[in-house]
Amino acid sequence: MDNDGNLRPTPDVRRLFDFYLAGLTDEPLELVMTRIQQALSDELGDQPQALAQARNLLTRYIDYRLALDDLAGATPPRLATGAFDLEALRQRQQHLQTLRDTQFNDDEQGAFFALESRQDEHLLTYMEIAQHPGLQEDQRAQALAALEHSLPAELRQLRQRVTSHAELYQHTRQLRDQGASPAELYQLRAQTLGDNAAARLAELDRERQHWRQRLDTFVADRNRLRQSELPPAAQQAAIDQLIEQRFSATEALRVRALSPEL
């Protein structure tokens, strides 16, 4: 907050929103929104003015994300003569900026999208150089190297981290598919991320495995109930009781949301 108790937009505000919104793949929107509202209350509960502003910003960010999905469907990347249609991509970027202008003020845009905008512009310029028909290969290589060098240090470091993390994720999946032990996965992660991060990921692996085991046990018992001779209403009542007995209130919401797919 600033000295007057107003919310000060920062990249961390968007990261908080995105952290919880990433859970939409596993949890219903109502639960995700409850989690965000609780997080905002925990941080700003004693500052009603900033809390109201944060909730307003969340509402606008949700509207922006929904409109972004519509924009992606309406203006998918197009190929022209075997390459991306750069003019269409430029137009899409203009539509994106217009969308941001309608939802956020300058300070909010700077906090939420400055780095992303710089990345998008870098990518478009990269594609223009890569697809330029008048450049020799050595000229193209020099132009691309100069473009990479022109990136801010923060963006270069981010790109390096993303690349290294993607490679680590892929390598981890390969080792896991080959039956690697938890100790081998820990060693691999520690080499890239350090011991503390490797330990946290190992704990996350254990939590996910435990959750999967609990979920599998529930599914087996639920399916037995569905195959029983109980009337449909009694079957559902028994399944509901099973969920209430084995899962917390928050977990139960997740189980009910996932149940149709299990």
Between [X] and [Y], is there shared hydrophobic-cluster membership here, with clusters defined by ILVMFWY side-chain heavy atoms closer than 4.5 Å?
| X | Y | result |
| --- | --- | --- |
| Ile239 | Leu258 | yes |
| Phe113 | Leu99 | yes |
| Leu215 | Leu242 | yes |
| Leu21 | Leu16 | yes |
| Leu147 | Leu89 | no |

Between [X] and [Y], which heavy-atom pair has the shortest distance, and what is it?
| X | Y | result |
| --- | --- | --- |
| Tyr186 | Ala199 | CE1-N, 3.6 Å |
| Leu7 | Gln53 | N-OE1, 2.6 Å |
| Asp4 | Gln49 | O-NE2, 3.3 Å |
| Ala252 | Phe247 | N-CB, 3.9 Å |
| Phe17 | Ala54 | CZ-O, 4.0 Å |
| Arg189 | Ala198 | CB-CB, 3.9 Å |

Measuring from atom [atom1] of [X] to atom [atom2] of [Y], what distance do you get when rounded to the nearest 0.5 angstrom?
| X | Y | atom1 | atom2 | value |
| --- | --- | --- | --- | --- |
| Glu229 | Gln235 | CD | CD | 10.0 Å |
| Arg246 | Arg214 | CZ | CZ | 10.0 Å |
| Leu123 | Glu121 | CG | CD | 9.5 Å |
| Asn56 | Leu51 | CG | CG | 11.5 Å |
| Ser248 | Arg254 | OG | CZ | 10.5 Å |
| Tyr61 | Arg14 | OH | CZ | 3.5 Å |

Pair Arg212-Thr217, side-chain hydrogen bond (donor to acceptor under 3.5 Å, both in side chains): steps then yes or no: CA-CA 9 Å; Arg212 187 71 251 179; Thr217 301; over 6 Å; no
Can you tell me if [X] uses its side chain to pair, donor with acceptor, with the backbone of [Y] under 3.5 Å?
| X | Y | answer |
| --- | --- | --- |
| Glu184 | Ser181 | yes |
| Asn105 | Asp107 | yes |
| Asp2 | Gly5 | yes |
| Arg100 | Gln109 | no |
| Gln142 | Gln139 | no |
| Gln103 | Tyr64 | no |

With sequence neighbours excluded, residues passing side chain to side chain donor-acceptor pair (under 3.5 Å) with Asp120: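 Side chain to side chain donor-acceptor pair (under 3.5 Å) list for Asp120, sorted by chain: Gln93.
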By side chain to side chain donor-acceptor pair (under 3.5 Å) - contacts of Arg222 (at least two apart):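 Counting only residues at least two positions away or on another chain, Arg222 forms a side chain to side chain donor-acceptor pair (under 3.5 Å) with Ser259.
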Side chain to side chain contact (heavy atoms under 4.5 Å, CB included) partners of [X], counting only residues at least two apart:
| X | value |
| --- | --- |
| Asp240 | Gln236, Arg256 |
| Arg173 | Tyr169 |
| Glu207 | Glu203, Leu204 |
| Leu175 | His171, Gln178, Ala180, Leu185, Leu188 |

Less than 4.5 Å apart, side chain to side chain, heavy atoms only: is that true for [X] and [Y]?
| X | Y | result |
| --- | --- | --- |
| Glu148 | Tyr126 | no |
| Asp221 | Leu225 | no |
| Met33 | Ile62 | yes |
| His122 | Ser117 | no |

More than 12 heavy atoms of other residues, nucleotides or ligands under 6.0 Å from [atom1] of [X]: yes or no?
| X | atom1 | result |
| --- | --- | --- |
| Glu251 | CD | yes |
| Gln136 | CD | no |
| Gln187 | CD | no |
| Gln47 | CD | yes |
| Arg8 | CZ | no |
| Asp106 | CG | no |

NZ/NE/NH1/NH2 to OD/OE distance under 4.0 Å, Glu87 and Arg92: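 No, this pair does not count.
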Pairing of Arg140 and Glu137 as salt bridge, 4.0 angstrom limit: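 Counted as a salt bridge, because a side-chain N and a carboxylate O are separated by less than 4.0 Å.
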side-chain contact (heavy atoms from CB on, under 4.5 Å) between Leu58 and Gln37, intermediate numbers included: CA-CA 9 Å; Leu58 171 62; Gln37 295 286 4; 3.9 Å; yes
Salt bridge (Lys or Arg N to Asp or Glu O under 4.0 Å) between Arg15 and Asp18, intermediate numbers included: CA-CA 5 Å; Arg15 279 192 280 269; Asp18 286 341; over 6 Å; no
Residues Asp205, Arg176; criterion salt bridge (Lys or Arg N to Asp or Glu O under 4.0 Å); working and verdict: CA-CA 11 Å; Asp205 284 345; Arg176 186 177 282 123; 3.4 Å; yes
Side-chain donor-acceptor pair present, Arg60, Thr102, cut-off under 3.5 Å: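 Their side chains do not contain a donor-acceptor pair, so the 3.5 Å distance test is not met.
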side-chain hydrogen bond (donor to acceptor under 3.5 Å, both in side chains) between Asp42 and Gln38, worked out: CA-CA 6 Å; Asp42 291 343; Gln38 184 61 53; 2.8 Å; yes
Verdict with reasoning, Leu201 to Leu193, per side-chain contact (heavy atoms from CB on, under 4.5 Å): CA-CA 10 Å; Leu201 287 172; Leu193 304 176; 3.6 Å; yes
